[in-house]
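A quick write-up on the structure given underneath.
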4 protein chains.
Amino acid sequence: MRTRIVEESMKQFDKNGFTGTSIVDITQALDVTKGTFYYYFDSKEKLLMEIHLMYIKNLLEKQQVILQQPMNATKKLEAIVELLLHSILSDGLSGRVFFREMRHLKNNNEQTIITYRKKFRQNIEKVLLQGMANGEIKKGHVKIVALGILGVTNWSYQWFDENGDVSIEELTTIFVNMILTGIKE
Amino acid sequence: MRTRIVEESMKQFDKNGFTGTSIVDITQALDVTKGTFYYYFDSKEKLLMEIHLMYIKNLLEKQQVILQQPMNATKKLEAIVELLLHSILSDGLSGRVFFREMRHLKNNNEQTIITYRKKFRQNIEKVLLQGMANGEIKKGHVKIVALGILGVTNWSYQWFDENGDVSIEELTTIFVNMILTGIKE
Amino acid sequence: MRTRIVEESMKQFDKNGFTGTSIVDITQALDVTKGTFYYYFDSKEKLLMEIHLMYIKNLLEKQQVILQQPMNATKKLEAIVELLLHSILSDGLSGRVFFREMRHLKNNNEQTIITYRKKFRQNIEKVLLQGMANGEIKKGHVKIVALGILGVTNWSYQWFDENGDVSIEELTTIFVNMILTGIKE
Amino acid sequence: MRTRIVEESMKQFDKNGFTGTSIVDITQALDVTKGTFYYYFDSKEKLLMEIHLMYIKNLLEKQQVILQQPMNATKKLEAIVELLLHSILSDGLSGRVFFREMRHLKNNNEQTIITYRKKFRQNIEKVLLQGMANGEIKKGHVKIVALGILGVTNWSYQWFDENGDVSIEELTTIFVNMILTGIKE
DNA sequence: GATGAATGAGAATTCATTCAT
DNA sequence: AATGAATGAATTCTCATTCAT
């Protein structure tokens with residue numbers, strides 16, 4: 001039931017937003033009562049937090065796997081971009097909810113998620129530094145560059161259409177090239 | 001009064017979000033009554049729409065000026081990136097509200113804004129095409145590339161801190177370089 | 001409308017208790033909507049606080065009038081007992097609500113009322129001291145004696161029946177005698 | 001377990017009131033589940049009733065012992081006042097719960113407790129009558145006098161502080177004197 | 001004896017909106 | 001132009017209770 005609630009709520013948060021989705025909406029869709037919801041979750045925010053934690057923890061784990069592989073910095077960056085695009089776009093719901101609704105977490109919860117996000121960015125920064133050290137990557141302001149890369153990938157949840165004319169694979173190729181070699185001839 | 005309402009509401013939407021701001025919050029801050037608000041605006045959404053229109057129209061006008069200048073495609077792209085970063089980050093409020101709260105526009109209104117946004121993107125695509133035609137820019141999928149550029153710039157509203165260690169000017173330089181020549185050595 | 005809400009709520013608090021009375025109960029009895037209630041009162045507790053303040057302030061004012069009259073201590077005590085019994089029993093509702101529901105005030109509000117109540121008791125103590133000083137009243141622990149007197153009077157809200165076989169006037173006489181000269185032959 | 005539930009609930013009713021204490025509060029404190037509670041008690045009210053019955057039956061038994069002793073009326077009244085003050089204040093919890101929460105008993109249950117309370121009062125009345133008959137006590141309205149005595153004692157649960165500057169023994173002496181001989185010199 | 005999942009009725013509160021003045 | 005009273009639908013959350021296991 002817990003899982004069913006999470007899944008249904010992600011669907012609805014994705015469609016109507018956190019604020020636009022009421023507890024009743026979720027429980028009615030599952031054909032249970034409001035009480036059931038509150039048996040499993042102390043509050044609406046706790047549910048949102050759970051969705052966020054699931055998403056970011058999973059992402060960090062996968063990033064960790066990439067970091068530990070015997071690849072050069074460029075390849076690692078490629079892998080991370082691919083990871084992000086896949087998890088935002090094909091894993092779908094949770095990614096969009098993650099990027100849109102974080103604002104509705106309060107105080108402690110928000111800080112926790114911010115910390116995880118920071119961790120992810122700092123891991124990218126490490127790869128950049130490593131690449132700069134061995135001459136693969138141009139020297140520069142690693143934090144801003146990392147945020148630039150995250151901009152390219154994370155913005156996708158705003159516009160990507162699964163049924164559009166570009167597949168995630170193509171998208172990944174285009175964005176990886178763009179990030180690595182720019183758009184200038 | 002109309003202007004005062006718009007300004008106060010932008011402040012509060014920026015701080016507490018559209019949903020997190022009530023009409024009373026706005027009118028109390030202006031020391032008027034709710035009735036006054038409804039004398040000037042038919043609904044809360046109309047107000048949000050006005051803020052959106054102001055922002056995107058202003059942006060499109062400024063983009064138009066850039067497009068009509070006698071510069072090559074690269075320079076034009078640089079100018080557009082600069083325009084976006086300035087209007088998101090230093091013009092401040094309206095930009096952040098624009099990027100965060102569009103979801104609260106319904107049907108027609110949402111479509112109108114989407115159309116304007118699309119216009120802005122298509123203008124970037126035109127510059128890209130022009131650049132590809134004369135050999136300045138690598139040939140590629142213009143729409144996706146445009147969306148990549150917009151990702152780099154628009155994502156900034158999520159993390160940029162006016163009091164942080166990087167100025168908007170530095171940020172512009174870093175991002176322009178990144179977009180044009182990539183990060184690879 | 002404000003007054004009507006206060007009056008209706010007192011009736012219902014008296015009958016069903018603070019917790020046993022919902023906002024809907026009050027508004028339905030007045031044939032208005034819940035919104036109307038919240039237009040006049042920020043919360044259910046604010047309403048309860050208002051009832052408490054009305055009652056205790058009125059009581060303190062009347063007590064003040066007694067204190068300033070040119071009577072000896074014994075007469076003043078008689079007058080205060082009479083005041084209490086009348087305001088608890090014949091003024092009716094507000095007294096019973098005051099004695100029963102104070103527990104539902106939180107923090108600040110509770111403290112405020114406690115302070116007022118203390119003031120009332122301390123005024124009784126002053127009269128007792130005055131009476132002890134000029135030989136009217138037996139020397140003793142004024143605070144406890146004051147609380148004993150208040151016990152006799154305040155407990156009445158628990159059992160007094162307006163339609164019973166004893167009138168308030170008779171009650172006052174009996175209690176005044178009891179307090180002054182005791183029950184022993 | 002039954003006993004543990006009663007004890008824990010008295011603690012919590014005393015602290016947060018009957019309405020302010022949920023079944024979960026009680027069971028969590030005992031580290032059992034809600035089901036367990038309902039295995040032992042049919043409802044929350046049944047539990048409250050049990051606490052009330054325990055208290056008043058115990059009180060009536062002790063009163064009976066006093067009544068049967070070979071003492072004059074004055075001594076018996078002294079003993080009853082002492083009994084009440086001790087059981088409200090030092091036996092503690094149950095007394096405070098008894099006097100505060102009776103209102104939450106419904107219909108039959110309330111009537112039962114009212115009957116027991118009436119019994120207790122009538123026993124006091126009997127002693128008063130006996131005292132009046134043999135010239136110990138002033139002739140008067142026994143019911144009202146009894147209620148006056150109960151006011152002095154029962155009101156104590158409202159303000160008595162175990163850690164205050166007056167002990168129960170001192171309190172008893174003061175109140176017995178006050179009831180018997182009054183406060184007038 | 002005890003559990004834990006589920007219920008469902010109801011509670012306080014919020015808030016955009018209307019409208020007569 | 002502006003007010004202020006009133007609305008009513010929706011929202012989050014609470015909690016005593018049930019019941020199959």
Side-chain angles (χ1 to χ4, degrees), chain A residues 1-2 4-5 18-28 30-48 104, chain B residues 1-2 4-5 18-28 30-48 104, chain C residues 1-2 4-5 18-28 30-48 104, chain D residues 1-2 5 18-28 30-48 104 106:
Chain A
M1 177 56 64
R2 202 159 208 287
R4 287 178 63 210
I5 292 175
F18 180 75
T19 315
T21 304
S22 75
I23 306 293
V24 177
D25 292 337
I26 297 167
T27 53
Q28 259 177 8
L30 295 171
D31 208 30
V32 291
T33 59
K34 268 182 287 181
T36 305
F37 178 90
Y38 283 97
Y39 179 74
Y40 289 101
F41 296 93
D42 289 346
S43 70
K44 204 181 166 189
E45 199 195 336
K46 278 265 174 70
L47 164 64
L48 184 61
H104 295 107
Chain B
M1 177 57 62
R2 203 160 209 289
R4 287 178 64 211
I5 292 176
F18 180 74
T19 314
T21 304
S22 73
I23 305 293
V24 178
D25 291 337
I26 297 167
T27 53
Q28 258 178 7
L30 295 171
D31 211 27
V32 293
T33 58
K34 267 183 283 189
T36 307
F37 178 90
Y38 282 95
Y39 179 74
Y40 290 102
F41 294 93
D42 289 349
S43 72
K44 202 181 168 189
E45 200 194 337
K46 279 265 172 69
L47 164 63
L48 184 62
H104 296 108
Chain C
M1 177 55 64
R2 203 161 207 286
R4 287 178 63 210
I5 293 175
F18 181 74
T19 315
T21 305
S22 75
I23 305 295
V24 177
D25 292 337
I26 297 167
T27 53
Q28 259 178 7
L30 295 171
D31 209 30
V32 293
T33 59
K34 267 181 286 185
T36 305
F37 177 90
Y38 282 96
Y39 178 72
Y40 290 99
F41 295 92
D42 288 347
S43 70
K44 202 182 167 189
E45 198 195 337
K46 280 264 175 67
L47 164 63
L48 184 61
H104 296 108
Chain D
M1 176 57 61
R2 205 160 207 286
I5 292 176
F18 181 74
T19 316
T21 304
S22 72
I23 305 293
V24 178
D25 291 336
I26 297 167
T27 53
Q28 259 178 8
L30 296 172
D31 211 28
V32 294
T33 58
K34 267 184 283 190
T36 306
F37 177 91
Y38 282 95
Y39 179 75
Y40 289 102
F41 294 93
D42 289 348
S43 71
K44 204 183 169 188
E45 199 196 337
K46 279 265 173 68
L47 165 63
L48 183 61
H104 296 108
K106 315 239 167 198

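All chains are named by letter (A, B, ...) in the order of the sequence lines, taking the proteins before the strands, and each is independently numbered beginning at 1. What you see below is based on every heavy atom in this structure, not just the backbone, and it leaves out hydrogens, waters and symmetry mates.
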Would you say Leu30(B) and Thr36(B) make side-chain contact, with heavy atoms under 4.5 Å? no
Would you mind reading off the distance between [X] atom [atom1] and [N] atom [atom2], rounded to a whole angstrom?
{"X": "Ile23(B)", "N": "dT7(F)", "atom1": "CD1", "atom2": "C1'", "answer": "16 Å"}
{"X": "Met1(A)", "N": "dA6(E)", "atom1": "CE", "atom2": "C1'", "answer": "8 Å"}
{"X": "Asp25(A)", "N": "dT11(F)", "atom1": "CG", "atom2": "P", "answer": "6 Å"}
{"X": "Leu48(B)", "N": "dT17(E)", "atom1": "CG", "atom2": "C1'", "answer": "17 Å"}
{"X": "Arg2(C)", "N": "dA6(F)", "atom1": "CZ", "atom2": "P", "answer": "12 Å"}
{"X": "Phe18(B)", "N": "dA16(E)", "atom1": "CZ", "atom2": "P", "answer": "8 Å"}
{"X": "Phe37(D)", "N": "dG1(E)", "atom1": "CZ", "atom2": "C1'", "answer": "16 Å"}
{"X": "Leu47(A)", "N": "dT12(F)", "atom1": "CG", "atom2": "P", "answer": "11 Å"}

Please work out if [X] contacts a base, only the sugar-phosphate, or nothing of the nucleic acid, heavy-atom cut-off 4.0 Å.
{"X": "Val32(A)", "result": "sugar-phosphate"}
{"X": "Thr21(A)", "result": "sugar-phosphate"}
{"X": "Ser22(B)", "result": "sugar-phosphate"}

Paired with dT21(F): which nucleotide, if any, by Watson-Crick or G-U wobble criteria at under 3.5 Å for both distances? dA2(E)
If dG8(F) has a Watson-Crick or G-U wobble mate with both distances under 3.5 Å, name it; if not, just say none. dC15(E)
With respect to the phosphate group of [N], does any side-chain polar atom (N or O) of [X] fall under 4.0 Å of OP1 or OP2?
{"X": "Tyr38(B)", "N": "dC19(E)", "value": "no"}
{"X": "Tyr39(B)", "N": "dA1(F)", "value": "yes"}
{"X": "Ser43(D)", "N": "dA16(F)", "value": "no"}
{"X": "Thr36(B)", "N": "dT3(F)", "value": "yes"}

Between His104(B) and Thr19(B) the two heavy atoms that sit nearest each other are NE2-OG1, 3.1 Å
Scanning both residues in full, the closest heavy-atom pair of Met1(A) with Tyr40(A) reads CG-CE1, 3.2 Å
On DNA chain E, check which nucleotide each of Asp42(B) and Gly35(D) is closest to and give me the residue with the more 5' one. Gly35(D)
Side-chain donor/acceptor contact of Lys34(C) with base of dT13(E) under 3.5 Å: yes
Side chain of Lys44(C), heavy atoms from C-beta onward: which of dA2(F), dA12(E), dT3(E) has the nearest atom to it? dA12(E)
Determine whether Ile5(B) and Val32(B) satisfy the following criterion, side-chain contact (heavy atoms from CB on, under 4.5 Å), listing intermediate values before the conclusion. CA-CA 10 Å; Ile5(B) 292 176; Val32(B) 293; 5.9 Å; no
Aromatic Tyr39(B) / basic Arg2(B) pairing, under 6.0 angstrom, 45° off normal: no
Rounded distance (nearest 0.5 Å) linking atom OG1 of Thr21(B) with atom CD1 of Ile23(B): 9.5 Å
For Thr19(D) and Asp31(C), find the nucleotide of DNA chain F closest to each by heavy atoms; which residue's nucleotide sits nearer the 5' end? Asp31(C)
